[in-house]
Amino acid sequence: MCYIATANLDGETNLKIRQSLAETAEIYAEKPLLSLSGRIECEGPNHHFDNFIGTLYLNGHSPVPLGPHQVLLRGTELRNTQWIVGIVVYTGSESKFMQNLVKSPLKRSSVEKVTNMQIFALFILLLVMSFLSCVGALFWNQRNRADIWYLGNKDVSPHNFGFELLVFIILYHNLIPISLLVTLEIVKYIQALFINWDEDMHYEGNNTSAMARSSNLNEELGQVRYLFSDKTGTLTCNVMTFKKCTIAGIIYGNYSEASDADRENISHLSPSFMDQCDQCEFDDPTLLKNFKNGHPTEKYIKEFLTLLCVCHTVFPEKSGNDIIYQASSPDEAALVKGAKKLGFVFTRRTPCSVTIEAMGEEQTFEILHVLEFSSNRKRMSIIARTPTGQLRLYCKGADSVICERLSEDSLFVQETLTHLGHFAAEGLRTLCIAYTDLNEKEYQEWLKEYKKASTVLQDRIKTLEECYEGIEKEFLLLGATAIEDRLQARVPETITSLLKANIRIWVLTGDKQETAINIAHSCKLISGQMPRIQLNANSFEATQQAINQNCEDLGTLLGKENDLALIVDGNTLKYALAFETKRNFLNLALSCRAVLCCRLSPIQKAEIVDSVKERVKAITLAVGDGANDVGMIQTAHVGVGISGNEGMQATNNSDYAIAQFSDLEKLLLVHGTWDYFRVTKCILYCFYKNVVLYVIELWFTFVNGFSGQILFDHWCISLYNVIFTSLPPFALGIFEKCCSKESLLKYPQLYTVSQGAEIFNTKVFWIQCMSSLLHSFILFWFPTKLLWRDMVLPGGYTTDYLFLGNIIYTYVVVTVCLQAGLETLSWNKYTHLAVWGSIIIWLVCFAIYSHFWPTIPVSPDMHGQANVILVCPLFWLGFFLIPTICLIQNLMWKLVVNTYKGSFLEQIRMLESSKVKGIHSVSKIFERVKSANQLLPQTKLSCEVVFQNDSVDQSIPHFVASSWQNLDCNFSVPHSKMPYCPVGKAETLTSDRLETATWRDTFSATGL
Amino acid sequence: MEMKLKDNLSRLPDNTAMKQQQLPACHFHFSATRILTAFFAIGALCLVMGIILILSSKSAKTIEINYTKICANCAKLQENAFNFDKECTCSIPFYLPEKMQGNVYMYYKLYGFYQNLHRYIRSRSDSQLLGIDIKNVEDCAPFEKSHNGTPIVPCGAIANSMFNDTIILSYNLNSAIHIKVPMLRSEITWWTDKYVKFQNPSSRNLSNAFAGSTKPLYWSKPAYELDEEDPGNNGFINDDFIVWMRTAAFPTFKKFYRRLNRIQHFTEGLPAGNYSFNITYITSFQGEKAVVLSTLTWDGGSGLFLGFAYTVTGAMTWLVLFSMIAAHLMLKKRKTFFLQQ
């Protein structure tokens, strides 16, 4: 037996046990080892960590099964173990560790896909431009062939069309922004770092911060429309506490009933119980009282607690006087801990025995078999020989599976089921506890079958499960446990704000329907008044009928967002996702505000995500923490893993890992929105700057006889994207902020801007293209007209083509950098550096570059350019005029859009800038609002708020209006219930009213 | 314990403004007032600039004489291959109605001559023109070597097609007295060209230095005999040659030819009166040739374009400004109407 840590493989930190086979356990001396001979048959190399199927054939022995418990995988570490002896099965790339190195599916963001399309469009544009130039060249040559004697008649023969086309493609090839890809890669990497660095997403509880595991989905975070969430460990803490139980039809754990006097009685009975009372959530002395005082159900209580102590796979670790339980499942740990506090302490585990201290009396159970838990079986059992020599099978599992297997003699079934209903209604996780006594004969028969099944090579797991089925029957019910899984901090708030951000939340859980509904209630996903549609059907026909019926009931509301909750269970979903009903089901589900799917298997989770993804063409996000969420995390556009207690599988397969659910709020609303704005602006800007410069080459061909001459110096062209205009895209991509973090969190409605892809779509792209074409037109023809007369230098000197080229190039750099400035909504020092710095860098480089020849043998034509250009008054006159002409149109356009469309974002920004101006004005407004409040009668407050917001609605877009209405509903409910509004509510209310007032104030202040 | 604490701290992200994205930033908001103020300022600035430029460009005087047609007979003469080398002179009299004050610059102007053709621009050898390696004719195709294989100096299409008409301006005081207007041919090139980019081979005698090479095909005399009056103006550093070698951006271009030497009658510039150009016509081509006399303003002789561009920009900006203000006023009315409701 040895202990291993598998942190490298699945991130689980608890120790695990690996055991050698009984047949080989004794062989560890040198001699027997040397004489050992035999063979191992096992499955081929694969990537499943938790599976291994093999058979050991030792010479002279019967074949023995090998399972995952006998295998040490590459990457695990030995702990607390001096040495082991083993046989190597697979090495190198055949080991499971290496097999798992496959990357998770490559996800590309939708922005990236659109970008690729746009690059393709630009490529078409490039071809068109080249083709046109070729045609132009053909005509020009035809007409002027005789006139261009100065080229040398011999060589004038025009090249063929294909060659010319190639020349022009090379001339214009820079139109395709290759630098964009590099820029984006770096920008996204830094954005990912920002996510990793975020202090707000650091969770002190387990000392983890958020981690962006893939950086190419950052902007996708700003576009999420559907959020699929796991429940356990995601919405809840997954810190299980044993809360209640029902034993033999009596419910325990309603501690409010217990009086102080009882407690005192208990304290001397069980000192350890009181010691840890602060942590022990199970707080009902009646249980022990009943146990001690010979209640009729005493023996059941004893059996119940013994079972909790024995039937598990928890591993105890002694640290001083205390025992720490290492468990792979938090439920089990909670149960064992619970039992410990009730005086049944699990103390020691050997490969084939478990030792417990039942009320101070040591007992050892011989463990014959562990019938493991699996999500299919939903139960685990242990076959043990009790100290009295009785063979007994202990089982705990989900109520549904246990109830099916109860014997007819089983008592208290009805009571227990009622209690289970109570537990579920409180949002507790329940497990049924049952046992059955086995007789030796039965057991021996089963054992044979088991041995056979466990050496099967193919489908071993399935065969084993079938085999287990054979002995897990005729259960006698003892009772049930209820474990509480607390909601994580700030979950309701997060969900509320995500809902406001127009994100639909679907909860997909493997848990029971009642529990799921309860959790949904407590995290404010569904409210009490919200009508619910429940789909629970057992057959395809019934499902189909229910779906169609509901669709009809909705009528015209179908397809719109309704204030409905849809609740489906896994069984029904199986039918609902069949081809015929899928369409209607999704129609129905998509018209509900909240959807709860319970009792789902991991595959079903992924299936739902996949069908929604296919159907709505919107961005989906899946968040989960366990291995069962891996499917949906990988299927969804964005997968978020919560580094919780259920191991690291989810995290390892996710794109972003966060510490707790509430971090999603910041991840989506702040990072998502910011990164979306940044990335899209960066992309559009890169397109813009490339088009502006390189289309100028096209304009130039019109004056140079379509000869393919470049207007600029070669090096200037090459360095355009590398140096002279490389900084502004980074500034946009890294430091741009559409508005402050506080505003984004305060007004989740702002999320809809990025969610709706309003600032980056094909239309925007073409508008941007047109604008850049116009800019390039101005930037070429204005300087051309300026220099047309050729007498531009003081002293009468004439110029050359590069003189024009350099002037245009300078104007382009200035225009393009300032355009970045116009795009930037938030200027910090780096933005300044990028915008002004780039212009200065170009001018300096230009001055230096003009002196290279002949010392450094490059660009003789550039020689002396700076000397004449930088002293040319015309150049400076154009330097101010031409970029102004280009940019002023954009400015005008912005102004028109801001004024007449006045997006919500703009208003928030206006609010922000007015806040920055001075707290003074805000406080003044506050005063005004306060005085206004005093005038209003208290009872009409809620009414008044609605009215006030209505008056604002005129100026804000519709979607905002509706979400504000929702907000009002939330406020008005408590007000109508309470005669006097509590302080907290009043504050939020006034602050809301303050904003309303501030808005209006800024409107009037700006003269609008 | 301490170790543990340290470990904890190290996993907490740094709280720096940069990493938390809380760098102090200035949020630009394009509020109406701001943009409108900016528009007003830009408009005003542009209008003022435009008016100044238009007014100042008025002071520049330019006269352009197209001599293609007048010298057509010379062109015809040269079409005959036998007369290829024959000099032909034509005279173009003209009247200058107003005097040209200050420095007067003389340009020749070619119409429809594409100095910006790709193959034309490439056809030169800058290392040859540095005077170090005059045999280097690498990039000069198709004018690299003569028929007998000696390298052409200076090589290339640009040099080959150099403008070599001679233009002499004379001032006709009356029908009898013709004064040759004194013209300077120095300082018509960029300083860097004359002193860095173009260098003669370092040899006392230029003709020796050029030995073993051939003059360009279309040239009547070799490079070292370009200027008969000033021996220092020969070879690669000949001013006319350097000017020509700066290839123009447009198919219609001017090249600096001479500048007025302000002595005797011409200290003030060119007085009004009768003048004539005596042109020794050498090469003809399909385009047109002209000669231009011009004075310059402080910003060069750019003409009205820049002034107009400024004025129009300013005017447009103001137009938008006022229409926006009007629109806002209307909108405001509507808004108050809503509030009253």
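Below, each value reflects all heavy atoms present in this structure, side chains not excepted, and no hydrogens, waters or symmetry copies. These figures come from a predicted structure and were not determined experimentally. Reminder, nothing fancy here: chain letters follow the sequence lines and each chain counts from 1.
- Nearest heavy-atom pair across B/D126 and A/P860 is OD2-CG, 3.1 Å.
- At least one donor-acceptor pair under 3.5 Å links the side chain of A/S707 to the backbone N or O of B/H118.
- For the pair A/K785 (side chain) and B/A309 (backbone), a donor-acceptor distance under 3.5 Å is absent.
- Within a 6.0 Å sphere centred on CH2 of A/W893, other residues, nucleotides and ligands contribute 12 heavy atoms or fewer.
- For a residue to count as touching a neighbouring chain, one of its non-hydrogen atoms must lie under 4.5 Å from one of that chain's; by this rule B/L53 touches chain A with the side chain only.
- Both the backbone and the side chain of A/L787 come within contact range of chain B, with heavy atoms under 4.5 Å apart.
- In this structure, chain B has no heavy atom under 4.5 Å from any part of A/Q889.
- Residue contact with chain A, scored on non-hydrogen atoms closer than 4.5 Å, involves the side chain of B/M49 exclusively.
- By number of non-hydrogen pairs under 4.5 angstrom with chain A, the leading residue of B/T189, B/D193, B/V312, B/N103 is B/T189.
- In this structure, the separation between CZ on A/F700 and CZ on B/F250 is 7.5 Å, given to the nearest 0.5 Å.
- With B/Y310 contributing its side chain and A/L877 its backbone, the two residues share a donor-acceptor pair below 3.5 Å.
- Using a 4.5 Å heavy-atom threshold, the side chains of B/M324 and A/M892 count as separate.
- The contact between A/W674 and chain B is made entirely by side chain atoms (from C-beta outward), counting heavy-atom distances below 4.5 Å.
- Residue B/Q115: no heavy atom, backbone or side chain, is found under 4.5 Å from chain A.
- Per-residue heavy-atom pair counts under 4.5 Å with chain A were compared for B/Y105, B/W191, B/Y120, B/F113, and the maximum is reached by B/F113.
- For A/F875, no part lies near chain B; criterion is any non-hydrogen pair under 4.5 Å.
- Residue contact with chain B, scored on non-hydrogen atoms closer than 4.5 Å, is absent for A/F706.
- Not one N or O on the side chain of B/K254 forms a donor-acceptor pair closer than 3.5 Å with the backbone of A/M791.
- Most heavy-atom pairs under 4.5 Å with chain B: of the set A/I734, A/I888, A/I885, A/T884, this distinction falls to A/I888.
- Residues B/L130 and A/P854 share a closest heavy-atom pair of CD1-CB, 3.4 Å.
- Of the atoms belonging to B/T313, it is side-chain heavy atoms, and not backbone ones, that fall under 4.5 Å from chain A.
- Per-residue heavy-atom pair counts under 4.5 Å with chain B were compared for A/G795, A/S850, A/P873, and the maximum is reached by A/G795.
- Residue B/E138 qualifies as open at atom CD: its count of foreign heavy atoms under 6.0 Å is 12 or below.
- Within the 4.5 angstrom heavy-atom criterion, atoms from both the backbone and the side chain of B/A327 approach chain A.
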- request: Verify side chain to side chain contact (heavy atoms under 4.5 Å, CB included) between A/Y830 and B/L23, making sure each step is shown before the conclusion.
  value: CA-CA 9 Å; A/Y830 297 104; B/L23 284 174; 3.5 Å; yes

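- Counting heavy atoms from C-beta on, the side chains of A/R789 and B/T62 come closer than 4.5 Å.
- Heavy atoms of A/V703 lying under 4.5 Å from chain B belong to its backbone as well as its side chain.
- Remark: aromatic rings of A/Y150 and B/Y114 are distant, center separation not under 6.0 Å.
- A donor-acceptor contact shorter than 3.5 Å is absent between the side chain of A/E199 and the backbone of B/Q20.
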- Message: One pair to check against side chain to side chain contact (heavy atoms under 4.5 Å, CB included): A/W197 and B/T16. What are the steps and the verdict?
- Response: CA-CA 10 Å; A/W197 286 334; B/T16 57; over 6 Å; no

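- Between chain B and the options A/I882, A/D200, A/I710, A/T784, the largest number of non-hydrogen pairs under 4.5 Å is found for A/T784.
- With a 4.5 Å cut-off on side-chain heavy atoms, B/F256 and A/L793 do not count as touching.
- By the 4.5 Å heavy-atom criterion applied to side chains, A/H851 and B/V196 are not counted as neighbours.
- Rounding to the nearest 0.5 Å gives a distance of 7.0 Å between NZ of B/K255 and OG1 of A/T799.
- Of the atoms belonging to A/D861, heavy atoms from both backbone and side chain fall under 4.5 Å from chain B.
- Annotation: maximal heavy-atom pairing with chain B below 4.5 Å, among A/L804, A/D800, A/L193, occurs at A/D800.
- Within the 4.5 angstrom heavy-atom criterion, only side-chain atoms of A/N867, from C-beta onward, approach chain B.
- Among all heavy-atom pairs drawn from B/Q21 and A/F194, the shortest one is NE2-CB, 3.2 Å.
- A donor-acceptor distance shorter than 3.5 angstrom exists from the side chain of B/W190 to the backbone of A/T798, with no hydrogens or angles considered.
- In this structure the side chain of B/P24 never reaches within 4.5 angstrom of the side chain of A/N828, judged on heavy atoms.
- Proximity to chain A is limited to the side chain of B/R124, based on heavy atoms less than 4.5 angstrom apart.
- The two residues B/T252 and A/D790 have their closest heavy-atom pair at O-OD2, 4.2 Å.
- Listed for the B/N116 side chain is no donor-acceptor partner under 3.5 Å among the backbone atoms of A/Q709.
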